[in-house]
Amino acid sequence: MGIDRKHVLIACAIAGAVLGLVLAVLQAAGAFPTSDLHGMPTGASRSTGFMLAMAPLLAAWGFTIHLRCSDAQIARYLKANAALCVAWLLIVTLKYPTGNDHLVSIMWYLYYVPMLLTSTFSLFSAMRASALDRMPVTSYAKRAVLAIDAALIALVLTNNLHHMVFRFSFDDPLWSGSYTYGPGYWVVLGWIITQIALFFACSFAAARRQLRSAFVPLALIVGVLGTYTVLYILRFLIGSNLALVYSILLISCLEIALDLGILPSYYWRESMFSALPFNLRILSRAGEVALHTALFQPSAHDDALHSMLLQSDLSRRSITSFRTTAVPHTLFRGYNVTGGSALLAEDVSAIDERRVTLERQQDSLRAHNDLLKHRHAIDGVLYRTQQERALIDEIEQTLAAKTRRIDELLSDLPRGNDPQSLAQRRERLTEVKLLIAYCKRKGGLVLAGRSDPAFNRERLQLVFNETAADLRTLGIDCAALVDVKRVLPSSTVSVLYDCLYDFAAAAFAASNPILMLFVSDGPEAGEGSGDGVAAGRQQRRIVEMRAALEAEESAQTEGYTRSLEELRRILERRNVRFALDIAPDGATLAVQVSEGEGVA
């Protein structure tokens, strides 16, 4: 809305307000012909001509509301206001000629029906325009407003029984001009003022920012109405026609709200539909275009589109969507409306571009994902190969040392048959048997690690039980217990097996040895550490083996001590944590191996 239009509206508002005020003053001053009924001034008769002219104008205004207002609910409220104003003028016209005081008083009380309801319907229109009616509490608020209106109307219409609104006596011939106001009158007036204030508050919320300057003419009209009301209450304008002035100012205020767009208004339905910001057309049942928006552009493909819409059978579905290659990057939506159908064309070129981009990115990510899977598989194979090679190299080194020891023992066997030679030969052959059993079990571990590298509790218990049985055949009283709740890799089992046999070699050099073995889950790596860096690392699982050896102290040999010291040097070269305590009557060993570690 330009600046010139604002000035015109403000000028029209000032003119309407001045006209209403001048009309009220002229009526009060007696400028029109008057007559007396029962000795009372007949204010209605002075402006009968104006009311007779105003009634059809109000009716015509209500008809234009039917054509202009795009919101059906607001249109009903405004047409109800026009009808109430017409009824008010009719009541005023018929009031005094009746000649019956009681009937005149009832018709006088009926003034407050349109006064209350017009302010209520105006408030409801503003609430609808500001979208407040979408809130659940609004329906309860409307019911409360209507209930208050009904109570106040009942209070006014029954005034002859209690005189709480107007105080007068029918014994006074001039009762219509000598009444006073009761407390009920001020309640009614306060309620009307409250509704007008709420109307302005809701209208201000409904108006766009650039339209809020339109409240200047609206405020001007309300100011004139307020001034008129005060003067009327103070009896300065008691002879004026309240219905005529109030109707003029009310309709002027609502018309400005419609013209400025505070309340939705279009001059014609076609212009309203044409102004919609959509590429929309309304089709008849025969497929002909009945209405269309300004964004609709006819094309050679319209007949095909209309045929596709008619074939979609909208009678069974309220909405349908389809696309055609004849009109690229466009989505068509069909809606079932009364008397035909509506066809909406949406430009989806941006969505299509994003879809193509997303598909291209998805293909790229899918190819990259396949590459990562292939690389992961290769890395897994390489990792397993490296682990197996490291395990095989370690086993080869270990077996090579054991094989050399077997050759040394066999090549240096005593040849004599004396008791000492027989004892030495028996001892060395027993050690050879121990070494052969070790090589056998170690080879079994290698073969098992290649076929099934995971060792659970039952499988590990079987390995240690077989080893304990081998040791018992060599004269070492041995027992083994396994309490591991998770699966161990073959590299970890191999380290534990080496520690077991190295410790058993020391037991072989002792007299009457008793060997006890216990394998269990150890604490998580980093647990109990005060180092923040170590604690922040990913924790690794640990398996722990404890071994205890008891022997006769008097029968210890030099080989016993030498074997335990050799075991200590072997463990120091390994990537394990251990504790070895040597005593004259035995030894204890505690070894902790992290999964994936332990290879020298």
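Position 1 is the first residue of the sequence, and the numbers go up from there.
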State the [atom1]-[atom2] distance between [X] and [Y], to the nearest 0.5 angstrom.
X: Asn336; Y: Ile319; atom1: CG; atom2: CD1; answer: 11.0 Å
X: Leu331; Y: Ile351; atom1: CG; atom2: CD1; answer: 8.0 Å
X: Asn369; Y: His376; atom1: CG; atom2: NE2; answer: 11.5 Å
X: Arg354; Y: Gln361; atom1: CZ; atom2: CD; answer: 12.5 Å
X: Leu146; Y: Arg143; atom1: CG; atom2: CZ; answer: 10.0 Å
X: Cys69; Y: Leu263; atom1: SG; atom2: CG; answer: 7.0 Å

Can you find a heavy atom in the side chain of [X] that is under 4.5 Å from one in the side chain of [Y]?
X: Thr324; Y: His301; result: no
X: Asn159; Y: Trp108; result: no
X: His368; Y: Leu372; result: yes
X: Tyr335; Y: Leu344; result: yes
X: Arg459; Y: Val493; result: no
X: Ile282; Y: Val289; result: no
X: Val145; Y: Asp149; result: yes
X: Phe332; Y: Val327; result: yes

With no hydrogens and no angle check, is any side-chain donor or acceptor of [X] less than 3.5 Å from a backbone partner on [Y]?
X: Thr330; Y: Ala345; value: no
X: Asp521; Y: Lys485; value: yes
X: Ser119; Y: Ile192; value: no

* To do: Could you check Met164 against Val187 for side chain to side chain contact (heavy atoms under 4.5 Å, CB included), going step by step and ending with a plain yes or no?
  => CA-CA 10 Å; Met164 293 181 61; Val187 173; over 6 Å; no
Between [X] and [Y], what is the shortest heavy-atom contact and its length?
X: Asn279; Y: Gln297; value: OD1-N, 4.5 Å
X: Cys253; Y: Phe199; value: SG-CE2, 4.2 Å
X: Ser125; Y: Leu78; value: OG-CD2, 3.9 Å
X: Arg128; Y: Ile74; value: CG-CG1, 3.3 Å
X: Thr118; Y: Cys85; value: CG2-SG, 4.5 Å
X: Ser139; Y: Pro136; value: OG-O, 3.0 Å

* To do: Please step through side chain to side chain contact (heavy atoms under 4.5 Å, CB included) for the pair Leu84 and Phe121, ending with a clear verdict.
  => CA-CA 10 Å; Leu84 288 170; Phe121 292 149; 3.8 Å; yes
* Counting only heavy atoms not in Phe322, do more than 12 fall under 6.0 Å of its CZ? -> yes
* To do: Using the side chain to side chain contact (heavy atoms under 4.5 Å, CB included) rule, take Arg355 and Asp352 through it: C-alpha gap first, then chi angles, then the decisive distance, then the call.
  => CA-CA 5 Å; Arg355 181 181 291 110; Asp352 290 344; 2.8 Å; yes
* Asked: Does a salt bridge link Asp363 with Arg360, judged by any charged N lying under 4.0 Å from a carboxylate O?
  -> no
* Any residue meeting ring pair (Phe, Tyr, Trp, His ring centres under 6.0 Å) with Phe124, in chain and number order, not counting sequence neighbours -> Tyr77
* Would you please indicate yes or no on a ring centroid separation below 6.0 angstrom for Tyr246 and Tyr111? => no
Would you list the atom pairs, donor with acceptor, under 3.5 Å between side chains in residues 302-310 and any protein atom, with sequence neighbours excluded?
{"residue": "Asp302", "atom": "OD1", "partner": "Arg281", "partner atom": "NH1", "Å": "3.3"}
{"residue": "Asp302", "atom": "OD1", "partner": "Ser299", "partner atom": "OG", "Å": "3.0"}
{"residue": "Asp302", "atom": "OD2", "partner": "Ser299", "partner atom": "N", "Å": "2.9"}
{"residue": "His306", "atom": "ND1", "partner": "Gly287", "partner atom": "O", "Å": "3.2"}
{"residue": "His306", "atom": "ND1", "partner": "Asp302", "partner atom": "O", "Å": "3.4"}
{"residue": "His306", "atom": "NE2", "partner": "Arg281", "partner atom": "NH1", "Å": "3.3"}
{"residue": "Ser307", "atom": "OG", "partner": "Gln311", "partner atom": "NE2", "Å": "3.3"}

* Asked: What pairs meet the salt bridge (Lys or Arg N to Asp or Glu O under 4.0 Å) rule with one or both residues in residues 332-344, with sequence neighbours excluded?
  -> Arg333-Glu346
* Asked: Could you go step by step and tell me if Trp88 and Leu58 meet the side chain to side chain contact (heavy atoms under 4.5 Å, CB included) rule?
  -> CA-CA 11 Å; Trp88 193 359; Leu58 290 172; over 6 Å; no
